Amino acid sequence: RWQALRVLGRLLVRRLRGVHGAGVVHCDVQPENVMMGRSSSEDVAVQLEDQARPYLIDFGSARKHPSPPLRADLGSVDFNSIRS
């Protein structure tokens with residue numbers, strides 16, 4: 001069970017790196033904004049290797065980076081950082 005959570009965590013970090021590499025900060029990462037899905041690749045080898053992967057959704061609070069600080073009332077209160 002813990003191994004699966006470690007793998008999921010690594011996959012989510014990879015997704016966030018891709019988003020951040022595009023100059024965007026999601027600003028609302030929480031369980032409700034992660035969906036699991038299969039690759040749309042037609043390559044059979046990729047499909048077999050890639051059973052399911054996490055996808056980040058709901059970029060409604062996303063901001064380009066760098067940008068001015070966010071207002072405190074944005075995002076989901078239950079998942080906000082203590083420092084936000």
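Heavy-atom basis, side chains included; hydrogens, waters and symmetry copies ignored. Numbers here are sequence positions counted from 1. The structure displayed is predicted, hence computed values, not measured ones.
When side chains are defined from C-beta on, His26 counts as touching Asn33, because their heavy atoms get closer than 4.5 Å. When side chains are defined from C-beta on, Glu32 does not count as touching Asp58, because their heavy atoms never get closer than 4.5 Å.
In this structure, Ile57 shares a hydrophobic cluster with Met35, the cluster being traced through Ile, Leu, Val, Met, Phe, Trp and Tyr side chains under 4.5 angstrom apart.
Residues passing the side chain to side chain contact (heavy atoms under 4.5 Å, CB included) test with Arg10 are Arg6, Val7, sequence neighbours excluded.
A distance-only check finds a donor-acceptor pair linking the side chain of Arg15 to the backbone of Pro54 [under 3.5 Å].
Shortest non-hydrogen contact noted between Ser61 and Cys27 is O-CB, 3.3 Å. In plain terms, the two heavy atoms of Leu8 and Met36 that are nearest each other are CD1-SD, 4.0 Å.
When hydrophobic clusters are built by joining Ile, Leu, Val, Met, Phe, Trp and Tyr residues whose side-chain heavy atoms come closer than 4.5 Å, directly or via intermediates, Val29 is grouped together with Val19. Linking ILVMFWY side-chain heavy atoms closer than 4.5 Å, directly or via other members, places Val25 and Phe59 in two distinct hydrophobic clusters. The hydrophobic cluster containing Leu16 also contains Val24, counting ILVMFWY residues as joined when their side-chain heavy atoms lie under 4.5 angstrom apart, directly or transitively.
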